[in-house]
There are 2 protein chains.
Amino acid sequence: MNAVNKDVQLFKNHLVQKRLKLTRQRETILEAFLKTDHITAEELYRKLSGRKQGRRLALATIYRTLNLLCEIGIGQQRHFDDNKTIYDNVLHKKHHDHLICNKCDKIIEFESPAIERLQEEMATRHGFTLHHHRLELYGHCIDWENCRDRQRAAPR
Amino acid sequence: MNAVNKDVQLFKNHLVQKRLKLTRQRETILEAFLKTDHITAEELYRKLSGRKQGRRLALATIYRTLNLLCEIGIGQQRHFDDNKTIYDNVLHKKHHDHLICNKCDKIIEFESPAIERLQEEMATRHGFTLHHHRLELYGHCIDWENCRDRQRAAPR
DNA sequence: ATATATTTTGAGAATCAGAATCAATATCAA
DNA sequence: TTGATATTGATTCTGATTCTCAAAATATAT
Ligand SMILES: [Mn+2]
Ligand SMILES: [Mn+2]
Ligand SMILES: [Zn+2]
Ligand SMILES: [Zn+2]
């Protein structure tokens, strides 16, 4: 059993636990989702709708399934400067923050224990207990070549 | 001339520069805005609409004026977990990030040169030039007493 | 002060991502 | 296979914000 199938199996187990049903569309969406790092519902929709033999998916189903994946813990919603929700495939990933290129929309994941520590310290200093945080760094690739190889659909 | 009038004067100068007109509603909105730290268009609207002698303001005008203030640099849009835009009164303020209480909606401003430095370092390490960033820490006040004195309208 | 050009306003329509409805269909366990 | 239960697609709805446009206000030039 390869890695992908193992992930699908994990998903199926979650469904059984929650007394949910495994449908063709859920499987299709899951597979496509697991192939990406960050994607919007709209992008997934375009990718899966223009399919051969009438495999039509409703956008609503994409949203429902993506939200299901978030509940299960396989995905996480992100809200970057763009006003559409980006779904982060966090399967096999630990906590991380993001660096986003305003030119080519590339998204780089990073983690900084030092920053995390300072955040905690800052919270404590103000009498807060931290639940979660959002750290996003926006800028652009210094290297144009690198910048040109776009990861995301449309440049801004 | 007190501090507030000086701020209003600054606003008027901006209007003249941009060949815009000083209206009763713009003055009303500016004054109310300058009295707060963070406020939504809706909140401002409620605060200014229920006024005596038929001083009715359209919500659209609030939005327009708030956006004008942002163009001028007196305000800044923020997008916290809540899905409505919060307008930050940044007159006389330098860059800062936020600590937000999920219980009482209190918003604390802070700045951490150490974190800022690490952010730059992180960007550089990935070949990025930083333009701006977003850092929001969510949690709750440890001290209930302090938490109870709400700054914002409705608790979540 | 008056006329004139220009901007602004209010009311409501438009937008846009995402959620809610609901009848028809699919899944699954007995 | 059956029947209870969940899911789907099509469509409508929501809520925050922007847009439209005719009427009203303001600044500027007589
Ligand atoms: Mn990520
Ligand atoms: Mn602030
Ligand atoms: Zn982090
Ligand atoms: Zn900062």
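Naming convention: chains lettered A, B, ... in sequence-line order (proteins, then strands); numbering from 1 in each chain. Atom set for the values below is all heavy atoms of this structure, side chains included, hydrogens, waters and symmetry mates excluded.
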Roughly how many Å is it from [atom1] in [X] to [atom2] in [N], rounded to a whole number?
X       : N      : atom1 : atom2 : answer
A/Lys21 : C/dA26 : NZ    : P     : 12 Å
B/Tyr45 : C/dG12 : OH    : P     : 11 Å
B/Leu69 : C/dT8  : CG    : C1'   : 15 Å

Is a side-chain donor-acceptor pair under 3.5 Å present for B/His79 with A/His79?
no
Check whether the side chains of A/Glu136 and A/Tyr138 place a donor and an acceptor atom closer than 3.5 Å, and report yes or no.
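There is such a pair between these side chains.
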Validation row: [X], [Y] side chains within 4.5 angstrom (heavy atoms):
X        : Y        : answer
A/Phe33  : A/Thr65  : no
A/Ile107 : A/Asp37  : no
A/Ile115 : B/Gln119 : yes

With a 4.0 Å cut-off on N to O distance, would you call B/Arg134 and A/Asp81 a salt bridge?
yes
Should B/Arg125 and B/Glu121 count as an ion pair when the cut-off is N to O under 4.0 Å?
yes
Once ring pair (Phe, Tyr, Trp, His ring centres under 6.0 Å) is applied, what residue pairs with a partner in residues 88-122 of chain B remain, sequence neighbours excluded?
B/His38-B/His98, B/Phe80-B/His98, B/His95-B/His133, B/His96-B/His98
Determine, for nucleotides 8-20 of chain D in 5'-to-3' order, which nucleotides have protein heavy atoms under 4.0 Å from the base (write B), from only the sugar-phosphate (write S), or from neither (write -).
BB------SSBBB
Please list, in numerical order, the residues of residues 11-20 of chain B that have a heavy atom closer than 4.0 Å to any atom of DNA chain D.
none
